[in-house]
Amino acid sequence: MSATTPIQHGHSRTLFWIAVAVSVLMFAPMAWVLVLSFTDNEALSRGTEAAFTGPYTLKNYTDIAGNSGVFRWFVNSLIVGAGQTAGVLVLSSLAGYAFGRLEWPGRKVIFVIVLFGLAVPEQAVIIPRHQIFSTLDLHNTYIGLMLPGMSLPFGVFLMTQFFRAIPPEIDEAALLDNATRWRIFWKVLLPLTLPAQATLGIFTFLFAWNDYWWPLISATDKDMYTLTIGIASSQVNFAQTEGLGFLAAQAVFAALPVLIVYIIFQKHVVTAVSGGAVK
Amino acid sequence: MSAAIDIRHLTKRFGALTVLDDISLQIEDGEFVVFLGPSGCGKSTLLRMIAGLEGVDEGEIALGDRRIDPLPPGERGVAMVFQSYALYPHMTVRQNMAFGLENVRTPKDEIERRTDAAAKILEIDHLLDRKPQMLSGGQRQRVAIGRAIVKEPKAFLFDEPLSNLDAALRGRTRLELAQLHQRLGATMIFVTHDQVEAMTLADRIVVMHDRRIEQIGTPMEVYQRPATKFVAGFVGSPAMSMLPVSGVTQGPSGARVTVDGVGDIDTAVPLPPGFAAKGASIGIRAEDTTPSDTGLPLTVDVIERLGDRTLLHGHLPDGSELVAQDTGRSTVTAGDTVRVAVDPHAVHLFDADGRAHHATGAD
Ligand SMILES: Nc1ncnc2c1ncn2[C@@H]1O[C@H](COP(=O)(O)OP(=O)(O)O)[C@@H](O)[C@H]1O
Ligand SMILES: [Mg+2]
């Protein structure tokens, strides 16, 4: 599609340079980290201008391979991210189907209650949540790390809207085609919500991957750290004059999955960010 | 196994709103029946009740020798074609057609055989691997029909299936549906607000209006002997002209009707005993008029040339509107006042309640 907005020529040039400036501003810190990650630690401890002069090395990355913790944390993050994403998709789809498609008493009231969840900040519930998880002995488990993120009111809301947008005649045709409720959900409606699933899945995964606060509280055992917590824990010197290159390499390493997810699902991410307006 | 449909005392309410009120109707095995009526009169609701997509508040529906209204839609032995077609967007044409058969565990080779046969009948065999987005409106419509055919239902239900097609395609598809009915011999119910569709397709037309059935009859019965003023006005194009009646007496061959400010019209309609002129009207179709030296003085407002004939839309001295007909070579122009004779056998008399009276033997 070449449906570009008609912008007048003078405007278009100004906009172009603003866009370039913003891009550079956004990109500069990332480039900085990337360069640091390839710069020699020793040289950096004398001054960060070493990033411009070198010497450059791969040692920071090989050090990651040598640090047993990082791999463990990486795997933990993958497990938590994938599990939480799967949970959110399953729960949101089922709830969205029930709210968007089925008639049952109390549907509207319960939907409003779910939406209230959008307005409750995590900070407000973190202490009782901590206590409940303590009582249930869920701290320092994968389930414990994944569970809070699985209740995602936004996901329920998004999927409800999506199910509502599917014409009811589709269900009716399937009913006349002798399909059971489950088969209609699984074979007819769910495939139609795939774009929404992709969007929701990507966001959930990125959120879980980047989450810091809950894993910081729940995972106290070093073996249960996620990557964000693990990296933070290895920043022992607060002045950050030592091991800066190593730290940068860890950051790059931690960002890789996010980057990969983005590259694979770029189209869906763009769709999601633009509110579904781009088809 | 018979596929007659028997609808007994059916009532449907949406909350406080009664949409269908005590509807009874028998449809014969293999019959093509059209539900005709203005938008909002409950045609779709009645069809959806037969399909099982709407519940029944009162009454019963039977198909063959089975009462079907308590059954879920899939077990009723009916197939439906929706106005929007409602194809499954993510499935290919073949998958769309096979879905209903897979759900009842039809053997694979049987599914394939039926799908191919239906696709051949509908001339969509070259489209079987496409998805609905890649089809034109007419092609989608065929797929929707194909999806119904493969199920070999006892009855087909169509809800305004032609309304999303352009005029030329609509005409062609109408003929093809008629052929399909002959070929399959299945019971078909077809909902439309388009009287041309109803006239061309139906064995019998069920004219609906305001929660009720106004008339059930063959297209010719409905056209020539409309049971009510509503039917008379709804069926036929141009619509039947209605003139208010101020007096009725016994004339030489039937009722003699007085229209204030216009004069008397002699009809062949036998004067119904106790017929009250108050609120009554007389109905005249354009085709039953001819230009003449005597007759009603019509001042012509608009001329509509149809080639083989010419319609004269005008008004009478009392202000009531009348459409008359002239030959294709009519020389009448707008503003002229012409005299129009009316065929006494073809006029209809309506009492204050809208009940119709016709000349005997006119059919
Ligand atoms: N699900 C519904 N809820 C409430 N009213 C409805 C519903 N479906 C139809 N109606 C009403 O019932 C009447 C008949 O509708 P419908 O059967 O669709 O008419 P038609 O098909 O003849 O145009 C209309 O007044 C419509 O507004
Ligand atoms: Mg309708």
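Here is how names work: the chains are called A, B, and so on, in the same order as the sequence lines, proteins then strands, and each is numbered from 1.
For Ala79(B), no part lies near chain A; criterion is any non-hydrogen pair under 4.5 Å. For chain A, the nearby part of Leu87(B) is the backbone; its heavy atoms alone come within less than 4.5 Å. In this structure, chain A has no heavy atom under 4.5 Å from any part of Val81(B). No part of Gln83(B) comes within reach of chain A, as not one of its non-hydrogen atoms sits under 4.5 angstrom from that chain.
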Pair Lys151(B)-Asn178(A), side chain to side chain contact (heavy atoms under 4.5 Å, CB included): steps then yes or no: CA-CA 10 Å; Lys151(B) 290 195 279 186; Asn178(A) 254 309; over 6 Å; no
Criterion side chain to side chain contact (heavy atoms under 4.5 Å, CB included) on Leu176(A) and Phe82(B), from CA distance to verdict: CA-CA 11 Å; Leu176(A) 280 158; Phe82(B) 293 83; 4.0 Å; yes
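Formation of a donor-acceptor pair under 3.5 Å by the His90(B) side chain with backbone atoms of Lys187(A) is found in this model.
Residue Leu175(A) holds its CG atom at 11.0 Å from CZ of Arg76(B), rounded to the nearest 0.5 Å. To the nearest 0.5 angstrom, Glu169(A) atom CD is 8.5 Å from Met80(B) atom CE.
Atom CH2 of Trp213(A) is surrounded by more than 12 heavy atoms from other residues, nucleotides or ligands within 6.0 Å. Environment of CZ in Phe253(A): crowded, with over 12 heavy atoms of neighbouring residues, nucleotides or ligands closer than 6.0 Å. Open room surrounds CZ on Phe116(A); 12 or fewer heavy atoms of other groups in view lie less than 6.0 Å from it. Shown here is Trp104(A), whose CH2 atom has more than 12 heavy atoms of other residues, nucleotides or ligands within 6.0 Å.
Within the 4.5 Å cutoff, side-chain heavy atoms of Tyr88(B) are placed close to those of Asp177(A).
Nearest heavy-atom pair across Ala173(A) and Ala86(B) is CB-O, 3.9 Å.
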